[in-house]
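These notes are about the structure you will find just below.
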Amino acid sequence: MHRKLTITVSDEVYRGLHQKVGRGEISRFVENLVRPHVVDESDLLVGYEAMAADSEREQEALEWIESAPDEGLEP
């Protein structure tokens, strides 16, 4: 889920963001800069490790990935 956040920056920073990052990419740029400072990625890693340890779920995912695009569709 994403939330909208309004921030205030100087005109100089605003113009620089548009020139260097590009319109429509500023949110991603700012999130990538800020994330390491505010999000504890270890919680995410623990979740991924738990999912990977679930061999049944991993097998189902592998089977799904390897299935043909039209497999299971009726003519």
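- Hydrophobic clustering (side-chain heavy atoms under 4.5 Å, transitive across Ile, Leu, Val, Met, Phe, Trp, Tyr) keeps M51 apart from W64.
- Rounded to the nearest 0.5 angstrom, R28 CZ and H2 NE2 are separated by 9.0 Å.
- The residues E60 and R57 are annotated as not salt-bridged, no charged nitrogen and carboxylate oxygen being separated by less than 4.0 angstrom.
- Between N32 atom CG and S27 atom OG the span is 10.5 Å, to the nearest 0.5 Å.
- Both F29 and L5 are members of a single hydrophobic cluster when ILVMFWY side chains are connected at heavy-atom separations under 4.5 Å.
- Heavy atoms of other residues, nucleotides or ligands lying less than 6.0 angstrom from CD of E63 number more than 12.
- With hydrophobic clusters built from ILVMFWY side chains whose heavy atoms lie under 4.5 angstrom apart, Y48 does not share a cluster with V39.
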- [ ] Check step by step if side-chain contact (heavy atoms from CB on, under 4.5 Å) holds for L17 and R23.
- [x] CA-CA 8 Å; L17 284 168; R23 190 175 206 69; over 6 Å; no
Open item on the list: Run the side-chain contact (heavy atoms from CB on, under 4.5 Å) test on D54 and E56 for me, step by step, so that the C-alpha distance in whole Å, both residues' side-chain angles and the decisive distance to 0.1 Å come before the verdict.
Closed with: CA-CA 6 Å; D54 184 344; E56 184 178 324; 3.8 Å; yes
